[in-house]
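Note: hydrogens, waters and symmetry copies are ignored here, and every other heavy atom, side chains too, is used. The chains referred to below are lettered A, B, ... by the order of the sequence lines, with proteins before strands, and numbering in each begins at 1.
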Amino acid sequence: MFNKVLIANRGEIAVRIIRACREMGLQTVAVYSDADRQGLHVRYADEAYRLGPAPSRDSYLRADMVLEIARRCQADAVHPGYGFLAERADFAAACQQAGLVFIGPNPSSIAAMGDKALARATLARAGVPVVPGTEGEGALNDDDLLDLAPKIGFPLLIKATAGGGGKGMREVGSLAEMPSLLQAARREAESAFGDGNVYIEKVVEGARHVEVQILADGLGNAIHLGERECSIQRRHQKLLEECPSPFIGDDEAFRQTLGSVAVRAAQAINYVNAGTIEFLVDKNKNFYFLEMNTRLQVEHPVTEIVTGIDIVKEQIRIARGRSLHYKQEDVRFNGCAIECRINAEDPNNNFMPSTGRITHTLLPTGPGVRVDTGVYIGFEVSPYYDSLISKIIVWGETRGEAILRMRRALEEYKILGVRNNIAFHQRLMDSPHFIAGYYDTRFIEERFSLDADREGGTARQTDDRPDIAAILATLVAHQQTQRAAHMIQRNERDTSNWKWLSRWERLSK
Amino acid sequence: MFNKVLIANRGEIAVRIIRACREMGLQTVAVYSDADRQGLHVRYADEAYRLGPAPSRDSYLRADMVLEIARRCQADAVHPGYGFLAERADFAAACQQAGLVFIGPNPSSIAAMGDKALARATLARAGVPVVPGTEGEGALNDDDLLDLAPKIGFPLLIKATAGGGGKGMREVGSLAEMPSLLQAARREAESAFGDGNVYIEKVVEGARHVEVQILADGLGNAIHLGERECSIQRRHQKLLEECPSPFIGDDEAFRQTLGSVAVRAAQAINYVNAGTIEFLVDKNKNFYFLEMNTRLQVEHPVTEIVTGIDIVKEQIRIARGRSLHYKQEDVRFNGCAIECRINAEDPNNNFMPSTGRITHTLLPTGPGVRVDTGVYIGFEVSPYYDSLISKIIVWGETRGEAILRMRRALEEYKILGVRNNIAFHQRLMDSPHFIAGYYDTRFIEERFSLDADREGGTARQTDDRPDIAAILATLVAHQQTQRAAHMIQRNERDTSNWKWLSRWERLSK
Amino acid sequence: MRYLTTIAGKGYQVEIVDERHVIVDGVSYQVDFEAVSDQPVYTLLVDGKSYDAHVYQDENVWQVLFHGGTYSATVEDEREKRLRGSLGGGIAENQEYYLKAPMPGLVVSVPVSEGQAVQKGDVLLILESMKMQNELKSPRAGQVARVRVKPGDRVEHKETMLSVT
Amino acid sequence: MRYLTTIAGKGYQVEIVDERHVIVDGVSYQVDFEAVSDQPVYTLLVDGKSYDAHVYQDENVWQVLFHGGTYSATVEDEREKRLRGSLGGGIAENQEYYLKAPMPGLVVSVPVSEGQAVQKGDVLLILESMKMQNELKSPRAGQVARVRVKPGDRVEHKETMLSVT
């Protein structure tokens, strides 16, 4: 048992975890970098301590400081969130050595799954199908990889061994372009994870990225909470997730097959706590193990909304040594959930990240809408951390209702001060391919366009109104001109005071 | 069938209805008074038209203007929301005569239930138990009422015949004080509803206010969606509602009894669309019909969250002539929901209404929290309409979880610019009586205190920290003093410019 | 700077040493205090504990809201404290009480007239706002001095409606 | 006032008659236009239709966002229009292109050097921000004129990093 939880993270996920702790009566401790003194996680936690300067390596990656703060404030558990220290086996082990409960899997599970190549070899041995690649062959150098590539076949993917989130990942179309891409991938992996090792893997064509959420307690019980569809990606970054997958739909048998393979994978490594098994699924419903995420994921809310199960609270119960709150037969799937990741990036400028102070926001609210965010008016979105500023999650009785609800939520949502990708998601909600559930992992990059016409769709009665835009732009520009003119007039009045003064001075001489 | 809906209302409920319409692909038309040009309902609707000046009688009560606008913009349906024209049978009839679908019951049902006295007589004849009182005796004058009062017995309630929402209501302890209270009640009823008629009714002691939501289609199907507990009231204004009632709890038999009586009541008057049957329930689970609300209610979201049924969308489907989307056996109750009404009123100053511009707000978000509101930063809360500024609705797997979640939501919520009753709800969430579900309609006025100590409870480890408050007040006051001093210094610098100018002028002479 | 801050009748000697240090009744606290969103919302860390508070001034009283509690504080610096000491207390008692409109509204009725004696708690005026009729009561016994409004009048926020001497 | 407003290559003659009336290409519209929340957010009613828009200026271009659409508009008054007419178009073509940092970040690599010829689409610089490596490409063919940064440099928003002539 524990009563005070240190949350070794920032942003929306730190806020999410603080909320779960608070609703369970647990004390919360936030840690923050200099860029986050006013972070919502600092404001909402019971206690908050400074880690160091803004860059992650000086703050959120400082495992030693986190442990020192935990000791000092007498926290008795640590929740790592996602990213930063979440998948560092050494950190999980250090927590345990310091007498802290690590709210996550055992260090050995993190290690087993953290090396992507090793993970794939482990699961292949346990009978879980894997994508052909250099799994389990350890850290290969460029010559070895160039040698193996033609045997696997092109197109193939270079992936960071320590990686995740699309960092250190490159797609290779031919042997000729492979050397420079290897170099780029290693450089990015080195910078992101401090580990430049990469492996290569066959590209499954027309693939969907489907992942299964599992929960396992320390008493040998393991269940799955169904799948999430995560194929809407750009540069291997997920942008939107759904539960259930529209591709699996009501193929309950396939859902249970995937689910039980996922449970078997978790059991193969004696996994404890929440985790996700990622699969690639081709159009014939062949599926391949991709990797296991030994942590809470960004997109966990879609599963929560459809199953009614609070995954963070379950993580905490499991870490407290309790048995699972639910049996497999208790898990019911009700309706459909969609999550849009709202990033501080400009879809009209090649999705370039945007930083700045949030000057205004109007959140979508009302029935069936959940917002998870770590920002608010006045908060400064800094260049130091990822660009996720909020997640809009909607529920619908049907997928159609969820899409319509997401449309209205996106239409209501306003964030000023940083560019953001709301308009991108709005276009996506209008895309006939998306509406039909007909998309794979290459959809965004290859077939989707921000310019609605190009997809050839007429899903909604397009209310494209450039004439209204012209009126708006002109009225605002006009107002600005008028105001500027007014200010000049005022300045003239001000000058007259000076005239008056000098006259007065002359008189009073 | 209809495609364009005019919403004859304002504030959070207009926004709620616009959202439902939009999610069903219907066009929406807002109407607004001069005080609401920037209302969220105006901003969110597809079209918006001015009704008139701010006072309700010049705008939202102008049935003629509403009908004229509907004709002009070719709306084919009207949703009245609650309050204003919602329970005016003549308005519903005028809509029908104008060829508009009125999204609500038939004018005859509104008329039958609108006269509270007549309603009680009607239902008594249908075998529904009613509270002893002057029901069905028409408009009695003061002499008649004073004559009947001792036969009914004290304490008793004076209630407005046309009324609702606690307006025109007075409690009478003895015959002596009755004449002046009659006068006050008639005056308030006249001002609120344009109808000074009142009736009297026995006070059921230790009573709970429990209401049942019903849905009935035009094809003869009627179902109930369980009960709501609405006993947390102050001056007969509901402040908090729950679903299910903690008093009924898991007494499924009693729930079904109440539900089927409610359905029978609706059927007795051939009721169509959504409606609510209000009961008083005493401690022995005797129940009495109180009144029927022939409209959507403020507190409908708690039922939506527990049943998963969107009541506004059902209203629209029913009005379109469809059969009910659900059968009684489809209705399942999942967990517990609580709604806190956030009003612009100051709990530290006798709940006096507060007006002003919202200068800042931070909404509670995250899992299990829904906010329904019509205000935003920059919006002016005016004195013309009721003081409801938002509703926080939370879901919990258990009532305990819902209470803990509401606590954290209230703690997160900030509204600046108008006084509000968030602190009142926070105290309520800490009240041992409330937590135990041990309260009746008199609880707030008689046994609850904003001063936590007085209730004698220690439900939470009270973190009453006046020393911290002292530090905060002093730091802010200090900062203000420093800033004022700084401004004086700046002014001195400014003065030096004047000195410089005069010197320059002297020199240049 | 030294201040005397009073909450619920209890005085706190608060010394602001520098940006990071405050001494309350002789006990030293490490503080980290910042305004948020350019609003009277503050984040305060005191020895690691985090408080997110709304603090505003209402007629010389500081209202401090956090953790569901509302605290009313007066803050006096040393000069003000000395000044008050020399004047002594009890002035407020005999001052005229001005009934000001707590919000804009419509005067529904004025059940008292000029010169009439009233007891503490007697209704002086009924004001309608936000569809509610609000009874405004006398905070003390006295005599109605001047009635400036009549039923049907619209009043502005803080407008003086009548006084009690 | 008369303006020429251009969106996606199409020009609109917009005349602002008074607060309530606008004429676009000869067609008269009744408008009701207000800023909201002291922000560049506007509520516009045009003949009863309601539009809730975010409008901001970005280097002489007005960005207009509503109903999921983003429109880039230039607004010229009559004087500006005449001025432009007398100058003729095509100046921008031969101007030096300055690559400015689109956000604060860390220069990861500069794969070009001064004097080097580049094609449209060639990567000029890789900038890391928000944990992403962003490739900044040349918008046209030319020659790298001056490189002002090197790998490892931190750059501010809009700082010029190199130029192409």
Side-chain angles (χ1 to χ4, degrees), chain A residues 56 83 165 167 184 187-188 191-192 235 237 343-356 359-360 362 381-387 407 410-412 414 416 422-423 425-427 429-430 450 452 463-482, chain D residues 1 3 5-8 10-12 14 16 22 24-25 27 29 31 33 35-42 44 46 49 51-57 62-75 77 102-106 108-109 126 128-137 157:
Chain A
S56 305
K167 276 144 211 124
R187 190 180 59 222
E188 201 171 280
S191 144
R235 293 171 69 182
Q237 298 266 7
N343 294 332
E345 54 188 29
D346 186 355
N348 291 311
N349 181 19
N350 199 29
F351 292 85
M352 206 59 84
S354 174
T355 57
T359 55
H360 181 68
L362 183 56
V381 177
S382 76
Y384 300 104
Y385 318 111
D386 70 32
S387 61
R407 269 193 198 167
L410 292 168
E411 178 68 27
E412 289 176 15
K414 289 208 163 40
L416 274 61
I422 292 174
H425 285 293
Q426 288 184 290
R427 284 296 182 203
M429 290 300 125
D430 290 342
L450 274 182
D463 48 15
D464 206 42
R465 290 291 300 267
D467 55 332
I468 298 295
I471 292 175
L472 278 161
T474 313
L475 283 168
V476 176
H478 177 73
Q479 200 177 58
Q480 199 186 56
T481 310
Q482 299 290 96
Chain D
M1 277 293 268
Y3 295 88
T5 299
T6 309
I7 291 177
K10 181 169 172 355
Y12 296 85
V14 183
I16 297 180
V22 169
V24 182
D25 293 339
V27 182
Y29 293 86
V31 299
F33 171 71
V36 168
S37 305
D38 302 326
Q39 290 290 330
V41 174
Y42 302 89
L44 171 71
V46 184
K49 301 276 182 300
Y51 299 93
D52 202 50
H54 174 200
V55 184
Y56 63 92
Q57 203 171 13
W62 291 96
Q63 301 290 345
V64 183
L65 280 75
F66 67 95
H67 288 190
T70 305
Y71 304 85
S72 299
T74 55
V75 181
D77 63 22
M103 65 254 163
L106 180 76
V108 175
S109 83
I126 299 175
E128 183 177 305
S129 189
M130 288 179 157
K131 297 166 75 187
M132 292 285 288
Q133 300 209 347
N134 304 284
E135 297 186 334
L136 305 180
K137 296 173 182 174
H157 185 208

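- Put simply, of A:G356, A:A470, A:A423, the one with the most heavy-atom pairs under 4.5 Å next to chain D is A:A470.
- Between A:L416 atom CG and D:S37 atom OG the span is 9.5 Å, to the nearest 0.5 Å.
- Checked against side chain to side chain contact (heavy atoms under 4.5 Å, CB included), A:A469 has the following partners two or more places apart in sequence or in another chain: D:I7, D:V64, D:F66, D:Y71.
- Using a 4.5 Å cut-off between heavy atoms, A:Q480 contacts chain D through its side chain alone, with no backbone atom that close.
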Between A:M352 and D:L136, is a side-chain contact (heavy atoms from CB on, under 4.5 Å) present by the stated rule, with each step listed?
CA-CA 10 Å; A:M352 206 59 84; D:L136 305 180; 3.2 Å; yes
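- With a 4.5 angstrom heavy-atom cutoff, D:T70 touches chain A only via side-chain atoms.
- Neither the backbone nor the side chain of A:A184 comes within less than 4.5 Å of any heavy atom of chain D.
- Contact record, A:T359 with D:Q39: O-NE2, 3.3 Å, taken as the closest heavy-atom pair.
- Between A:P466 and D:Y12 there is a side-chain heavy-atom pair separated by less than 4.5 Å.
- Interatomic distance, D:N134 CG to A:R235 CZ, rounded to the nearest 0.5 Å: 5.5 Å.
- Contact annotation for A:S382: only backbone heavy atoms (N, CA, C, O) come within less than 4.5 Å of a heavy atom of chain D.
- Summarising the geometry of D:M130 relative to A:P353, their closest heavy-atom pair is SD-CB, 3.4 Å, with the distance given to 0.1 Å.
- Among the candidates D:V31, D:V41, D:V22, the residue making the largest number of heavy-atom pairs closer than 4.5 Å to chain A is D:V41.
- Per-residue counts of heavy-atom pairs under 4.5 Å with chain A were compared for D:V108, D:V55, D:L106; the largest is that of D:V55.
- If you take CG on A:L475 and CZ on D:F33, they are separated by 5.0 Å, rounding to the nearest 0.5 Å.
- Only the backbone of A:S354 comes within contact range of chain D, judged by heavy atoms closer than 4.5 Å.
- The parts of A:D467 that come within reach of chain D are both its backbone and its side chain, each placing non-hydrogen atoms under 4.5 angstrom from that chain.
- With a 4.5 Å cut-off on side-chain heavy atoms, D:P104 and A:T355 count as touching.
- The shortest heavy-atom contact between D:G68 and A:E411 is N-OE1, 3.6 Å.
- Taking all atoms of both residues into account, the shortest heavy-atom contact from A:I471 to D:V24 is CG1-CG2, 3.6 Å.
- Note on A:E345, A:H478, A:H425: by heavy-atom pairs under 4.5 Å with chain D, the leading option is A:H478.
- For D:D77, no part lies near chain A; criterion is any non-hydrogen pair under 4.5 Å.
- Between the CD atom in D:Q133 and the CZ atom in A:R187 there is a gap of 5.5 Å [rounded to 0.5 Å].
- When heavy atoms are compared at a cutoff of 4.5 Å, A:L410 does not approach chain D at all.
- Taking OG1 of A:T481 as the start and CE of D:M1 as the end, the distance is 6.0 Å to the nearest 0.5 Å.
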Begin from the C-alpha positions of A:K414 and D:L65 and carry the test side-chain contact (heavy atoms from CB on, under 4.5 Å) through to its verdict.
CA-CA 10 Å; A:K414 289 208 163 40; D:L65 280 75; over 6 Å; no
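- The minimum heavy-atom distance between A:R427 and D:G69, with the atom names listed, is NH2-CA, 4.2 Å.
- For the atom pair A:N348 CG and D:Q63 CD, the distance stands at 6.5 Å (nearest 0.5 Å).
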